[in-house]
Undergrad: 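Below is the structure I would like to discuss, written out as structure tokens.
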Amino acid sequence: MTVRKCDFLELTPAEAKGFMAQLGEPAYRSKQVLNWLWQNGAQTFAEMNNLPLSLRERLQVHATLGKLEMVTTEMSADGTEKILFSLPDGQTVETVILPYNIGDSVCISTQVGCRMGCLFCASGLPGFVRNLTSGEIMAQVLQVRRILRTRGRELKSMVLMGSGEPLDNWSSTVAFLEAVQDPLRLAMSLRHVTLSTSGLVPRIAALAELGWPVTLAVSLHAPTNLVRDRVMPINKKYPLEVLLPACDNYANKTGRRVTYEYILIENLNDDDQHASELATLLSGRLCHVNLIPYNAIAELPWKPSSQEKVRAFRDALSAKGINVTIRRRMGADIRAACGQLRNNHCRENEEMRGE
Ligand code: SAH
Ligand code: SF4
């Protein structure tokens with residue numbers, strides 16, 4: 001049996017102290033390691049040159065620093081950069097760097113695959129493989145921060161919008177959010193974090209109870225149960241009449257306006273009538289609607305709505321007093337919709353194996 005080494009990225013400062021104590025080391029040594037890891041972005045114990053060499057060697061035997069291997073990267077014409085990382089067990093996940101004028105953002109994955117099965121999404125196509133550990137979620141952020149630093153840029157925000165359903169991987173997601181806001185670890189305000197969910201109502205309630213200022217983005221994609229049921233199986237379990245009150249409760253508890261994501265798909269949800277139903281559904285709610293042009297997926301039948309339809313949809317919502325924007329289409333040329341790069345990579349590997 002192989003014993004999994006302790007991943008330092010998963011440890012709270014108290015746990016790091018306990019781990020060092022087991023090695024017979026004083027508490028200040030754990031602070032030194034945390035500092036190397038979180039502030040300096042060290043990737044190996046070897047480079048922690050204020051630790052005795054013997055300790056560095058022992059740490060190497062007993063622990064890892066959550067390092068991910070870069071498998072491929074693709075740069076889009078608009079500056080979006082997509083990275084495929086491989087995990088210690090050989091699985092792969094996607095991470096996307098989104099450059100904005102106000103500062104760079106990273107889009108991170110929380111699971112390998114996804115079990116929610118939304119019919120328009122590439123992430124669920126190969127099925128669910130496993131949850132990421134909090135260390136694996138964080139390692140994506142640290143790797144991207146390191147890449148950006150070498151370019152003289154700073155990571156300003158992050159979105160949990162890569163593959164996977166963050167609220168279906170509750171314990172890793174919460175541990176990750178704790179590490180983000182911890183002054184001894186990433187030390188970043190949760191105001192700069194957006195968590196996107198397909199709508200797991202009990203977990204939205206649990207997140208609201210934590211009271212953290214995370215922006216909640218909800219993948220609505222339909223104004224009625226009739227339409228949502230067609231493409232999002234989760235809607236059968238948590239239909240709109242329970243989802244929307246859970247979001248209202250989130251806004252009340254955290255004081256944060258909820259974002260509703262709405263992908264516009266031809267002949268599914270992009271008519272005048274849908275816009276009017278959506279405006280009625282959301283009227284009076286503390287929220288913002290983000291209209292997303294659909295990224296077509298080769299294996300799936302859905303097509304993006306035309307630009308005219310997207311604009312007409314926005315104008316119809318706006319006219320009814322709904323706060324709405326169209327999300328800038330980014331990375332379409334590098335298949336930046338979640339799950340696309342990984343699927344491609346898996347397919348290419350299968351083809352190679354089949355030769
Ligand atoms: N599982 C979470 C977060 C990951 S998906 C969720 O569903 O919210 C992030 C966002 O990308 C979701 O709003 C999802 O609906 C959207 N999305 C999925 N496939 C897409 C595609 N092909 N084109 C555009 N957006 C897509
Ligand atoms: Fe999973 Fe989100 Fe894709 Fe749905 S849209 S399958 S919840 S990753």
Side-chain angles (χ1 to χ4, degrees), residues 80 82 93-96 98 105-132 137 140 158-170 172-173 176 193-201 203-204 207 214-222 227-238 243 246-247 250 258-266 268-270 288-305 310 326-344:
T80 307
K82 186 153 187 162
V93 280
E94 302 169 0
T95 307
V96 183
L98 304 153
S105 185
V106 60
C107 173
I108 47 189
S109 294
T110 53
Q111 296 179 319
V112 181
C114 182
R115 64 175 130 221
M116 298 300 133
C118 304
L119 268 63
F120 47 78
C121 176
S123 287
L125 274 180
F128 174 74
V129 181
R130 71 167 173 90
N131 281 328
L132 296 191
I137 302 175
Q140 299 171 60
M158 44 191 132
V159 292
L160 279 75
M161 283 189 191
S163 73
E165 167 51 57
L167 296 186
D168 185 39
N169 184 6
W170 176 253
S172 293
T173 298
F176 166 78
V193 178
T194 299
L195 183 153
S196 177
T197 178
S198 57
L200 273 69
V201 166
R203 296 274 165 80
I204 293 175
L207 194 67
V214 175
T215 300
L216 183 71
V218 175
S219 296
L220 198 60
H221 307 331
V227 178
R228 204 163 187 261
D229 278 345
R230 278 184 65 190
V231 285
M232 297 184 72
I234 184 81
N235 197 60
K236 297 242 164 65
K237 199 160 180 193
Y238 305 117
L243 176 58
C247 297
Y250 188 87
V258 172
T259 296
Y260 290 103
E261 296 163 282
Y262 196 105
I263 308 175
L264 285 156
I265 301 179
E266 195 180 82
L268 175 78
N269 62 1
D270 62 349
H288 176 91
V289 175
N290 214 334
L291 298 177
I292 309 171
Y294 181 62
N295 264 327
I297 314 278
E299 299 86 338
L300 300 176
W302 314 101
K303 291 198 181 71
S305 307
V310 174
I326 300 174
R327 183 183 295 169
R328 188 150 64 98
R329 193 189 178 90
M330 291 179 88
D333 53 336
I334 56 164
R335 298 154 296 151
C338 63
Q340 286 180 284
L341 185 62
R342 173 170 173 265
N343 286 355
N344 230 50

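Counting starts at 1 for both ligands and their atoms, following the listed order. Residue numbers count from 1 along this sequence.
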Undergrad: Can you check whether Ile297's main-chain N or O pairs, donor with acceptor, with Trp302's side chain at less than 3.5 Å?
TA: no
Undergrad: Below 4.0 Å, non-hydrogen atoms only: which portion of Glu261 touches ligand 1? Side chain, backbone, both or neither.
TA: side chain
Undergrad: Just go through Val218, Asn295, Leu220, Thr259 and tell me whose heavy atom is the nearest to atom 22 (N) of ligand 1.
TA: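 That would be Asn295.
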Undergrad: Any donor and acceptor pair, going by atom type alone, linking the side chain of Tyr294 with main-chain N or O of Phe120 inside 3.5 Å?
TA: yes
Undergrad: Distance under 4.0 Å to a non-hydrogen atom of Ser198: what atoms of ligand 2 satisfy this?
TA: 7 (S)
Undergrad: Taking Asn169 for the side chain and Leu132 for the main chain, is one N or O donor matched with an acceptor at less than 3.5 Å?
TA: yes
Undergrad: For ligand 1, which atoms, with element, lie under 4.0 Å from some heavy atom of Ile297?
TA: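 Once the distances to Ile297 are compared, the set is 22 (N).
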Undergrad: Strictly under 4.0 Å, does any heavy atom of Gly164 approach an atom of ligand 2?
TA: yes
Undergrad: For ligand 1, which atoms have a heavy atom of Gly164 less than 4.0 angstrom away?
TA: 1 (N), 2 (C), 3 (C), 4 (C)
Undergrad: Do Glu165 and Ser198 have a side chain donor and acceptor closer than 3.5 Å?
TA: yes
Undergrad: For His221, take its heavy atoms, then give the atoms of ligand 1 lying under 4.0 Å from any of them.
TA: 13 (O), 14 (C), 15 (O)
Undergrad: Using 2.8 Å as the threshold, say whether any N, O or S atom from Cys118 sits that close to atom 1 (Fe) of ligand 2.
TA: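 Cys118 does not place any N, O or S atom closer than 2.8 Å to atom 1 (Fe) of ligand 2.
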Undergrad: How long is the gap from CG on Asp270 to CG on Leu291, to the nearest 0.5 Å?
TA: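 It is 11.0 Å, given to the nearest 0.5 Å.
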Undergrad: Under a 4.0 angstrom heavy-atom cut-off, which atoms of ligand 2 come close to Cys114?
TA: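 Checking each atom against Cys114, I get 1 (Fe), 6 (S), 7 (S), 8 (S).
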Undergrad: Within the 4.0 Å heavy-atom shell around Ser198, which atoms of ligand 1 are there?
TA: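 That gives atoms 6 (C), 7 (O), 8 (O) of ligand 1.
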Undergrad: Any sub-3.5 Å donor-acceptor pair from Arg228's side-chain atoms to Ala222's backbone N or O?
TA: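 Not at all, since once roles are kept as given, no pair shorter than 3.5 Å links the two residues.
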Undergrad: Mind checking whether Ile263 contacts ligand 1 via backbone (N, CA, C, O), side chain (CB onward), both or neither, at a 4.0 Å heavy-atom cut-off?
TA: side chain
Undergrad: Among Gly162, Ser109, Ser196, which residue places a heavy atom closest to atom 4 (C) of ligand 1?
TA: Gly162
Undergrad: Which pair of heavy atoms, one from His221 and one from Asn269, lies closest together, and at what distance?
TA: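 Smallest heavy-atom distance, with atoms named: O-ND2, 2.9 Å.
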Undergrad: Quick one: do the Asn290 and Glu261 side chains pair a donor with an acceptor below 3.5 Å?
TA: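 No, no side-chain donor-acceptor contact under 3.5 Å.
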